[in-house]
Amino acid sequence: MENKRPLSPHIQIYRWHISSLVSISHRITGIINIIAISLICILACTLMLGEDSYKIIDTFFNSVFGKFIILGMTWSFSFQILSEIRHLAMDLGYGFELKTTKITGLIVIIGSVILTISFYLIGKNLL
């Protein structure tokens, strides 16, 4: 028997799917969110040190880099929430068809961007 096919999907022949992208991104955003929540707790603790600490943190978050960090954390939280809702539906036994997984994957990706932009615009109008 001459079988020249690889035993497992090889990187040269494997095509990425939206489900793979969402799954890997879900894991990465979970790690980012743990780090972000830890930093938020540390920042909240430093705010109790007084007005000088508040000024330093306020200056950082009003910088371009600080705003980028806030937008990144907002996207990460939004992506994680939508992906968790998708996983909850799958845990209940829904959404395993190929077409449905593509649609829900796109909803997670596009929805997280829309939520991030929405939160940005809400925050911009409230401040």
Side-chain angles (χ1 to χ4, degrees):
M1 236 192 219
E2 294 272 333
N3 188 358
K4 295 182 181 182
R5 294 183 303 175
L7 297 176
S8 62
H10 193 268
I11 197 162
Q12 294 174 341
I13 61 171
Y14 184 75
R15 286 187 344 139
W16 276 85
H17 299 281
I18 291 176
S19 295
S20 305
L21 178 68
V22 171
S23 177
I24 292 169
S25 299
H26 178 78
R27 290 178 175 95
I28 292 170
T29 56
I31 294 168
I32 291 170
N33 289 344
I34 290 171
I35 295 168
I37 290 171
S38 299
L39 288 175
I40 289 170
C41 291
I42 292 170
L43 289 174
C45 289
T46 57
L47 287 175
M48 291 187 285
L49 296 177
E51 190 176 335
D52 293 334
S53 299
Y54 174 77
K55 287 180 182 178
I56 293 170
I57 293 170
D58 186 51
T59 304
F60 172 74
F61 283 122
N62 282 322
S63 70
V64 174
F65 183 68
K67 290 179 182 180
F68 177 76
I69 295 291
I70 291 172
L71 277 175
M73 286 177 17
T74 304
W75 174 81
S76 181
F77 287 133
S78 300
F79 185 91
Q80 187 79 21
I81 288 169
L82 292 176
S83 185
E84 284 292 336
I85 292 170
R86 179 178 185 246
H87 277 274
L88 180 63
M90 288 181 160
D91 288 343
L92 294 173
Y94 302 107
F96 287 110
E97 296 80 25
L98 187 59
K99 184 177 179 180
T100 307
T101 58
K102 288 180 182 179
I103 291 171
T104 57
L106 284 173
I107 288 172
V108 168
I109 294 169
I110 295 170
S112 64
V113 172
I114 291 172
L115 276 175
T116 303
I117 292 170
S118 300
F119 287 136
Y120 174 77
L121 293 175
I122 289 170
K124 192 81 166 164
N125 288 334
L126 293 178
L127 295 179

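All values below were derived from every heavy atom in this structure, side-chain atoms included, with hydrogens, water molecules and symmetry-related copies excluded.
- The line from CD of Gln80 to NE2 of His87 is 8.5 Å long, rounded to the nearest 0.5 Å.
- Considering only heavy atoms from C-beta on, Arg27 comes within 4.5 Å of Ser23 through its side chain.
- Considering only heavy atoms from C-beta on, Thr29 stays 4.5 Å or farther from Ser83 through its side chain.
- In terms of heavy-atom proximity, Ser78 sits nearest to Ser112 at CB-O, 3.9 Å.
- Between Arg86 and Ser19, some side-chain heavy-atom pair lies under the 4.5 Å cut-off.
- With rounding to the nearest 0.5 Å, the separation of NZ in Lys102 from CD1 in Ile107 is 14.5 Å.
- The shortest distance between side-chain heavy atoms of Ile18 and Thr101 does not fall below 4.5 Å.
- Residues Ile109 and Tyr120 are members of one and the same hydrophobic cluster, defined by side-chain heavy-atom contacts under 4.5 angstrom among Ile, Leu, Val, Met, Phe, Trp and Tyr.
- One distance of note links CD of Glu84 with CG of Asp91; it measures 9.0 Å at 0.5 Å rounding.
- Neither Leu98 nor Ile103 shares a network with the other; the hydrophobic side chains, linked directly or stepwise wherever heavy atoms of I, L, V, M, F, W or Y lie under 4.5 Å apart, form separate groups for each.
- Listed by chain and number, the hydrophobic cluster partners of Leu43 are Ile37, Ile40, Leu47, Tyr54, Ile57, Phe60, Phe61, Phe65, Ile69, Ile70, Met73, Phe77, where partners are ILVMFWY side chains within reach of under 4.5 Å, directly or through others.
- Here Ile35 pairs with Ile31, Leu39 under the side chain to side chain contact (heavy atoms under 4.5 Å, CB included) rule; sequence neighbours left out.
- Val113 and Val108 fall within the same hydrophobic cluster, defined by Ile, Leu, Val, Met, Phe, Trp and Tyr side-chain heavy atoms under 4.5 Å apart, directly or through other members.
- The backbone N or O of Ile34 lies less than 3.5 Å from a partner atom in the side chain of Ser38, making a donor-acceptor pair.
- Partners of Ser25 under the side chain to side chain contact (heavy atoms under 4.5 Å, CB included) rule, at least two apart in sequence or in another chain, are Leu21, Phe79.
- For the pair Ser63/Thr59, no side-chain contact is recorded, criterion being any heavy-atom separation below 4.5 Å from C-beta on.
- The cluster map of Ile, Leu, Val, Met, Phe, Trp and Tyr, joined by side-chain heavy atoms under 4.5 Å apart, puts Trp75 and Ile117 in the same cluster.
- To the nearest 0.5 Å, atom CD1 of residue Ile28 and atom CG of residue Asn33 are 12.0 Å apart.
- Residues Leu106 and Ile24 are members of separate hydrophobic clusters, defined by side-chain heavy-atom contacts under 4.5 angstrom among Ile, Leu, Val, Met, Phe, Trp and Tyr.
- Nearest heavy atom pair, residue Phe119 against residue Thr74, reads CD1-CG2, 3.7 Å.
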